[in-house]
**Student:** 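Quick one: this structure, given as structure tokens, is what I'll be asking you about.
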Amino acid sequence: MRTDSKHTLSRTGSHSTSSRASVDSGHKKLIPSIQTTEKFTSKWPRPQSLKALNINRSAKGWRNRKGIIQDTILELEEGYSLGLDKIDRWTRFKWCLMVSVITVLCYGSGAMICAILTWFRTWNHADVMYVADNDILILITLAGSILMFTALLGLTGTLLNSRPILATYTLLLWPALISMLAVGYTSYKRYAFSLDRKLNFSWSQYYTPLGRLMIQNSLRCCGFYDPLHEATMSNKCYTRTPLPGCKAKLFRFERENLSLIWSTTFSIISLHLINIFVALLCSNHVTSVFGKGITPKRYRLSELDLKADAEKIRSQIERIRPTYSRASSSMVFREDREERTSLLRDPPH
């Protein structure tokens with residue numbers, strides 16, 4: 001009977017344990033009968049060294065198993081086999097994101113280089129754009145700086161597999177798009193709607209004498225229509241100079257320059273929309289594992305947690321008392337016992 005009761009208890013215990021394990025694979029799976037802290041859990045993946053230890057349990061001889069256990073303990077103490085020392089292969093999403101970030105960096109740096117060259121007036125007729133299209137030059141500089149900062153942020157997040165940095169990169173792609181739209185819209189509007197009238201009004205109202213002089217020296221002209229119409233006098237521009245007026249040359253330069261700006265900007269915007277789409281799809285899949293593979297700070301065990309769990313386990317064990325199975329007190333067993341004792345006591349005749 002004692003054996004049967006043990007078998008019954010073991011069956012019921014195993015049944016309850018399996019049912020609880022199927023419901024909760026967390027900390028109740030470790031000690032089903034004792035409610036320990038949430039940090040005492042098995043829901044996070046085990047280190048690779050412990051997985052190798054489970055695989056090598058069938059090694060021949062205790063010496064082999066003992067050596068494997070010692071090597072595993074040393075690896076865990078040194079911090080190896082925790083997933084931090086392993087360099088995973090780049091996923092397809094990460095490669096696509098890297099190519100996208102590099103393209104953003106390319107046209108952002110290109111815009112910034114063109115703006116800097118214009119600000120320092122290093123190319124031919126840069127003075128004309130510096131005076132006539134100063135607002136567009138400021139917008140190009142702003143767009144190039146935003147694009148470069150965004151690309152460097154995306155490059156950092158891709159190399160570090162940092163999803164928060166990549167989320168910031170994806171968010172900053174939208175202000176970069178707005179700045180590019182501002183450049184394209186402003187240049188196209190000036191190019192397409194009465195450019196000659198705008199140049200005439202700007203020459204007489206907005207351009208300073210220094211600005212007019214810079215345009216005259218760059219385009220080799222004098223005055224707007226002729227040397228007698230709002231000209232800034234210099235050693236090359238005077239009343240009887242043979243130089244023509246600046247209207248035709250300025251109009252021709254503005255049409256070519258503005259056409260180049262808005263067509264290039266709108267073509268880059270289409271590529272930028274593709275980069276936004278790639279960032280939205282791939283920024284959360286730079287690795288095949290979500291996060292860094294490290295146990296979150298909330299579930300990291302401390303010495304106080306271990307002491308609290310030990311106290312709970314000790315208190316629960318002290319409450320448990322061993323139960324012994326006793327013989328039944330029914331008359332059947334007593335009569336059987338009396339018959340056996342009488343047979344043993346009666347001498348044989």
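Start at 1 with the first residue, then count along the sequence. For clarity, every value in this text was computed on a predicted model and none was experimentally measured.
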**Student:** Of all heavy-atom pairs between Glu230 and Trp203, which one has the smallest distance, and what is that distance?
**Tutor:** O-NE1, 3.1 Å
**Student:** Do other residues, nucleotides or ligands put more than 12 heavy atoms under 6.0 Å from the CH2 atom of Trp119?
**Tutor:** yes
**Student:** When rounded to the nearest 0.5 angstrom, what distance separates CG in Leu166 from OG in Ser162?
**Tutor:** 6.5 Å
**Student:** Is Val104 linked to Val99 within one hydrophobic cluster, defined over Ile, Leu, Val, Met, Phe, Trp and Tyr using a side-chain heavy-atom separation of less than 4.5 Å?
**Tutor:** no
**Student:** Out of Met112, Met148, His272, which residue meets the side chain to side chain contact (heavy atoms under 4.5 Å, CB included) rule with Tyr107?
**Tutor:** His272
**Student:** If you round to the nearest 0.5 Å, how far is OG of Ser179 from CG of Leu147?
**Tutor:** 5.5 Å
**Student:** Test of understanding: clusters of I, L, V, M, F, W, Y form through side-chain heavy atoms closer than 4.5 Å, transitively. Do Tyr207 and Leu210 belong to the same one?
**Tutor:** yes
**Student:** Do Ile102 and Met98 have side-chain heavy atoms sitting under 4.5 Å apart?
**Tutor:** yes
**Student:** Evaluate the criterion side-chain contact (heavy atoms from CB on, under 4.5 Å) for residue pair Thr170 and Leu280; output intermediate values, then yes/no.
**Tutor:** CA-CA 7 Å; Thr170 307; Leu280 290 172; 3.5 Å; yes
**Student:** Please answer whether the main-chain N or O of Asp196 pairs with a side-chain N or O of Asn200 as donor and acceptor at a distance below 3.5 Å.
**Tutor:** no
**Student:** Testing the basics here: between Ser218 and Val128, what is the closest heavy-atom pair and its distance to 0.1 Å?
**Tutor:** OG-CG2, 3.5 Å
**Student:** Could you walk me through whether Cys222 and Cys246 pass the disulfide bond (SG atoms under 2.5 Å apart) check?
**Tutor:** CA-CA 6 Å; Cys222 184; Cys246 298; over 6 Å; no
**Student:** Just verifying a value: how many Å separate Leu155 CG and Leu160 CG, rounded to the nearest 0.5 Å?
**Tutor:** 9.0 Å
**Student:** I'd like to know if the side chain of Gln216 and the backbone of Gly223 have a donor-acceptor N/O pair within less than 3.5 Å.
**Tutor:** yes
**Student:** If you measure from CD1 on Ile116 to CD1 on Ile140, what distance do you get to the nearest 0.5 Å?
**Tutor:** 12.5 Å
**Student:** Locate the shortest heavy-atom distance separating Leu281 from Phe93; write the atom from each residue and the value.
**Tutor:** O-CD2, 4.5 Å
**Student:** Side chains of Met214 and Arg121: does their closest heavy-atom pair fall under 4.5 Å?
**Tutor:** yes
**Student:** Could you pull out the closest heavy-atom pair between Thr265 and Gly184, with the gap in Å?
**Tutor:** CG2-N, 3.7 Å
**Student:** Would the distance check show the side chain of Arg163 and the main-chain N or O of Asn284 forming a donor-acceptor pair, the cut-off being under 3.5 Å?
**Tutor:** yes
**Student:** Using a cut-off of 6.0 Å, state whether more than 12 heavy atoms not belonging to Phe277 lie near its atom CZ.
**Tutor:** no
**Student:** Using every non-hydrogen atom in the two residues, find where Ala132 and Arg190 come nearest and quote the distance to one decimal.
**Tutor:** O-NH1, 3.4 Å
**Student:** Could you tell me if Thr103 and Asn275 have a donor-acceptor pair between their side chains, going purely by distance under 3.5 Å?
**Tutor:** yes
**Student:** Are any side-chain N or O atoms of Thr264 and backbone N or O atoms of Ile261, one a donor and one an acceptor, separated by less than 3.5 Å?
**Tutor:** no
**Student:** With the 4.5 Å side-chain cut-off for hydrophobic clustering, are Leu173 and Phe149 part of the same group?
**Tutor:** no
**Student:** What I'd like to find out is whether the side chain of Ser234 reaches to under 4.5 Å of the side chain of Leu213, using heavy atoms alone.
**Tutor:** yes
**Student:** Same cluster or not: Tyr169 versus Ile269, using hydrophobic residues (I, L, V, M, F, W, Y) connected whenever any side-chain heavy atoms lie under 4.5 Å apart?
**Tutor:** yes
**Student:** Can you check whether Arg212 reaches Phe224 side chain to side chain, under 4.5 Å on heavy atoms?
**Tutor:** no
**Student:** Does CH2 in Trp123 sit with more than 12 non-hydrogen atoms of other residues, nucleotides or ligands closer than 6.0 Å?
**Tutor:** yes
**Student:** Kindly determine whether Asn161 and Lys94 satisfy side-chain contact (heavy atoms from CB on, under 4.5 Å), including the steps that lead there.
**Tutor:** CA-CA 9 Å; Asn161 297 331; Lys94 188 171 182 178; 2.6 Å; yes
**Student:** Where do Leu97 and Thr158 come nearest, in terms of heavy atoms and distance?
**Tutor:** CD2-OG1, 3.7 Å
**Student:** Quick one: CG on Leu171 to OG1 on Thr150, what's the gap to the nearest 0.5 Å?
**Tutor:** 9.5 Å
**Student:** In terms of ring plane angle, is the pair Tyr191 and Trp262 parallel, tilted or perpendicular, where the classes change at 30° and 60°?
**Tutor:** tilted
**Student:** Does a side-chain heavy-atom distance below 4.5 Å link Pro227 with Thr239?
**Tutor:** no
**Student:** With a 4.5 Å limit on heavy-atom distance, are the side chains of Val131 and Asp127 in contact?
**Tutor:** no
**Student:** I'd like to know if Cys96 pairs up with Cys282 as a disulfide, counting it only when the SG to SG distance is below 2.5 Å.
**Tutor:** no
**Student:** Give a yes or no on whether the backbone of Lys236 and the side-chain of Thr241 come within a donor-acceptor separation of less than 3.5 Å.
**Tutor:** yes
**Student:** For the OH atom on Tyr130, are there more than 12 heavy atoms of other groups (residues, nucleotides or ligands in this structure) within a distance under 6.0 Å?
**Tutor:** no
**Student:** Please check this pair: side chain of Ser204 against backbone of Phe201, looking for a donor-acceptor N/O pair closer than 3.5 Å.
**Tutor:** yes
**Student:** When hydrophobic residues are tied together by side-chain contacts of less than 4.5 Å, even through go-betweens, does Trp174 share a cluster with Met180?
**Tutor:** yes
**Student:** Any idea how Tyr225 and His229 line up, ring-wise: parallel (<30°), tilted (30 to 60°), or perpendicular (>60°)?
**Tutor:** perpendicular
**Student:** Any idea how Phe253 and His125 line up, ring-wise: parallel (<30°), tilted (30 to 60°), or perpendicular (>60°)?
**Tutor:** perpendicular
**Student:** Which value, rounded to the nearest 0.5 Å, describes the distance between Ser259 atom OG and Glu254 atom CD?
**Tutor:** 12.0 Å
